[in-house]
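Inspection log for the structure reproduced underneath, given as C-alpha cells.
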Amino acid sequence: MSRLNPRQQEAMQAVSGAVLVLAGAGSGKTSVITRKIAYLIEECGLKGHQILALTFTNKAAREMKERVGQLVTGKAGKGLTVSTFHNLGLNIIRREYAALGYRPGFSIFDASDVLALLKDLTHKEFEAAEDACEPIQYMISNWKNDLVTPVQALAGANGPEQALAARVYEAYEKTLKLYNGVDFDDLILQPVKLFQEREDILQKWQNRVRYLLVDEYQDTNSSQYLLVKQLVGMRSNFTVVGDDDQSIYAWRGARPENLSILRADYPSLKVIMLEQNYRSTGRILKVANELIDHNPHEFSKALWSDKSYGEPIRVISCRNEDAEAERIATEILQQHLQNQGDFKDFAVLYRGNHQSRLMEMKLQAYKVPYKINGGQSFFGRTEVKDIMAYLKLLLNPADDNAFLRIVNTPRREIGAATLEKLVNYASMHSVSLIEACQESSLSHAMSNAAYARVNEFGSWIASLAEQAERDDPIAAVRQMIREMDYEDWMLQTSSGPPMAEKRMANVELLVESLKTSLDKAVDKNDNADMGDAVARLVLLDILERQEEEDDTDRVQLMTLHAAKGLEYPHVFMMGMEEDLLPHRNSIDEGNVEEERRLCYVGITRARQTLTMTLARKRKQFGEMIETTASRFLDELPADDLEWEGRGDEDPAKKVEKGQAALAGLKGLFADL
DNA sequence: TCCTTTCGTATTTTT
DNA sequence: TACGAAAGGA
C-alpha cells in the first residue's frame, strides 16, 4: 500500500499539537505511524533523535523500526528511538538510578520473582497463607499502575484482604529496594515519580523528545499515560494511535478511557478516524461491526472495505472438544490440499492456552506443521530461570531472591535448616545472604560442615563476579555453568537424555543471546555492560529476535490476546461457548464487554475466511459438561453465518459435505 | 537432606 | 486430568 487514503494523509500531516488517531482494525495504522515518522524527518526538518515512538511489544517496535528504515535513508533519521514503554523506562532508570536511590547492577524482578518474594514475605511477616499471594501480587500491581502508594492503599483498603495486601505492599516495596530490585511496574512508575520530583531531570528528557508517537494507545495504564504527558510537556506535540474496540488488557491495568481523557487534557485535540479496512472481506467486517455494536461506545466507528463480500462465516458445532480439534485439523489439511494454500495462511485462535493441547495432538496426528505462539515461554523454563538467577546474583549481590533460588540448585546440600540460620544471621547483621556466606563469624551460627558448604558457595560466586567484571563476562558465565556441573544436573532432573540435551541447548541459547547483546552494545559504542544485557534479557528483547527467523510454513496457534495486531487469510476461532469465550470469570465479574472485544479482535484477524467452532460437550475438571453456544454467536447477523452440526441444516447439503470431507481425507491417506 | 508418594485442588488473558 | 504442595520414609 504505497498511497495513503485522505484520512491517513490527514493523520500523517497533522504535526502540530495533540492528535488522536482512532484506527480501526486493519486500517493501516502502522503505515500511518511509520509514514508520519518519515514525514517528520523529511518534510518537517526534525532529526531522528528528536523523535520517540512507543509501543507495547518488542515485536511491534522491531517491525516499526524496520519499516521506517525502508522509508528514511541517510543520516537525518539517525538516533530515532522506537521502543517499548518498558524498555524506555529501563533506559531512564539506567541513566538516573542514582537519583532514584538504586545502586548499580539492579535486578529486574519478573512476575515469578515477585511471587517468590511475596510468598517469603507473607510467610515470615504476616503468617498469611501462601496461596493468598497471587491475588496480593495482582492488587499490588494494580496499585502501582495507578500510582497508589502503600500508605494510600492502606487508607483506602476495602475489607481485610485489601488491608493485608496493602501492608504486604509496604513491606514488599521496602524489601525490593533493599534487594536493589525493580519490578515490571517500577519500570514505568519510577521514572514517573522521578519526573514528578525532579523538574531538572524531566526537562532533560523533554528536550530530547520533540515529537512523541504512541501505538496501541488504548492499552496504556495510568502511569504510562502520565509518562506520556510528562515527556510531552508544554509542547504538546504528539500523536497517539489506538482503537477502543480492541482494548483487551483492562485486566492488567490498561485504561481505554485514556482515549477520551485526552479530550479533556488537550482541548485542541485533533481526532481522526480511520475506518477503511484493507484486510478483510466485506462480510467479515459486517459481522465484526454488528458484534461490537453490542458494546456502548464513546467514539463509534464502522469499518468498511472495497473488497468483495466474501464467503459466509462458517460455524461448526462439534460433538465434543476432541471432534472439534479433529475437525479443524482435517479442515486445514483439506483446504491446504484443495487450494494449494500455505499452512502459514491458517491461524487457530483460542481463549486459553490449555485449549492448544488437543489441537496440537490432532495436528501432529495429521502431520500438519504448526507453531504455538506464547504459552510456555522460554523464560518460564526452569533451566532458563536458574541461569538467569545466577546472572542476577553475579551482578547484584543484594538480590537475595536470586540467591535463594539457586543456592541449592544444583544440589549443594544446603537445606532448609541451614538456610534458616543463614537468613537469621544476615538479617541480624543487615547484610545480604551472599555477603553473610563469606563472613567468618557465621561459623558460630551453624555446624562446621554446613558453614563450609555455604562459605564455599559464597566465595565461588564472589570470584566469578569479580572475574566477570575484570575480563570477558561471557567466559565467566560459561565457566560458571561448567564448574557447577549444570549439565549433570540437567541429566538428573530431566525425564531423559534427549530432554536434558534440549534444556542445555536452551541454556546455550541464553548465553549466546547475552553475547550478541554485549557485542551489539560494543558496536554501537553504547557503554552498556553485562547488567544491561541481562536486564534486556528479562524484558524478552533478545530472544524474540532469534525466534523471529523461522518463517517456515506452519499453521499458527495462539490465544486471542496474542493474535492482536496480526492477520491471516484463514482464521479458525475455537471454543465459541459460554463460559469459555465470554469466560466464566469475566461473566461473574461483569466484564463481558471486554470479552466481546476479544471476540471482535479474533474476527478481524481474518482476511478471507473465518470459521468458528464449538464443542457441545467438553471435559471440565475431569468430567463431561454440556456446553452452551456463545452469546456472541447470537449477536452476529444470522444471514451471514452458515451453521453446521446444529441439526437444522439441509440434509442433502450435509451428505455432500460429509463426502467432500471424506474425499479430502482419502487423498491424504493416499499420500501417507 | 532428599526423594517418593499421596492427596487435593484448580484451568484467562501477559508487558 | 494434571499439576503442585505437603507429608512421610530412607
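All values below come from the heavy atoms of this structure, side chains included, with hydrogens, waters and symmetry mates left out. Reminder, nothing fancy here: chain letters follow the sequence lines and each chain counts from 1.
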Out of dT14(B), dT15(B), dT1(B), whichever nucleotide has its closest atom nearest the side chain of Ala562(A): dT14(B)

What pair of heavy atoms forms the shortest contact from Leu226(A) to Leu147(A), and how long is it? CD2-CD1, 3.8 Å

Check every atom of dT14(B), dC3(B), dC3(C) against the side chain of Arg357(A) and return the nucleotide holding the closest atom. dC3(C)

To the nearest Å, how far apart are Glu594(A) CD and dT12(B) P? 15 Å

Roughly, in whole Å, what's the span from CD in Glu589(A) to C1' in dT13(B)? 12 Å

When you get a sec, tell me which of dT1(C), dT12(B), dC2(B) is the closest nucleotide to the side chain of Asn408(A)? dC2(B)

Under 4.0 Å between any heavy atoms, over every strand shown, what does Ala111(A) touch: base, sugar-phosphate, or nothing? Just pick one. nothing

Determine whether the side chains of Gln364(A) and Tyr370(A) contain a donor N or O and an acceptor N or O closer than 3.5 Å. yes

Does Ala417(A) or Ile248(A) map to a spot on DNA chain B nearer the 5' end, using the closest nucleotide for each? Ala417(A)

State whether Arg616(A) and Glu577(A) are salt-bridged, where the test is any N-O pair (Lys NZ or Arg NE/NH1/NH2 against Asp/Glu carboxylate O) under 4.0 Å. no

Among dT12(B), dT1(B), dT13(B), which is the nearest nucleotide to the side chain of Asn353(A)? dT13(B)

Decide yes or no, distance alone: a donor-acceptor N/O pair under 3.5 angstrom between the base of dT13(B) and the side-chain of Arg351(A). yes

On DNA chain B, compare the nucleotides closest to Asp185(A) and His354(A); which residue's is nearer the 5' end? His354(A)

Aromatic-base stack, Phe56(A) on dT15(B), cutoff 5.5 Å, angle under 30: no

What is the nucleic acid contact for Thr84(A), judged by heavy atoms within less than 4.0 Å: base, sugar-phosphate only, or nothing? nothing

Using the side-chain heavy atoms of Lys119(A), tell me which of these nucleotides is nearest: dT15(B), dT13(B), dA5(C). dA5(C)

Are Arg252(A) and Tyr249(A) in a cation-pi contact, defined as NZ or CZ under 6.0 Å from the six-membered ring centre and within 45° of the axis? yes

Measure from CD1 on Ile414(A) to P on dT1(B) and round the result to the nearest Å. 9 Å

To the nearest Å, how far apart are Lys59(A) NZ and dT15(B) C1'? 14 Å

Quick one: Met558(A) CE to dT14(B) C1', roughly how many Å, whole number? 15 Å

Using the P atom as the point on both nucleotides, what is the distance between dG4(C) and dT13(B), in whole Å? 15 Å

What about His561(A), does its side chain sit under 3.5 Å from the base of dT14(B) through a donor-acceptor pair? no

Calculate the interatomic distance between Asp219(A) atom CG and dT13(B) atom C1'; express it in whole Å. 12 Å

Once you round it to whole Å, what is the distance between P of dT9(B) and CD of Glu134(A)? 16 Å

Picking from dT13(B), dT15(B), dC2(B), which would you name as closest to the side chain of Thr57(A)? dT15(B)

dT15(B) P sits how many Å from Asn58(A) CG, rounded? 9 Å

Gln355(A) meets the side chain to side chain donor-acceptor pair (under 3.5 Å) criterion, sequence neighbours left out, with none

Do any side-chain nitrogens or oxygens of Thr559(A) fall under 4.0 Å of OP1 or OP2 in dT14(B)? yes

Tell me what Arg411(A) touches on the nucleic acid: a base, only sugar-phosphate, or nothing, going by heavy atoms under 4.0 Å. sugar-phosphate

Measure from the side-chain N and O atoms of Asp110(A) to the backbone N and O of Asp113(A), and report whether any donor-acceptor pair falls under 3.5 Å. yes

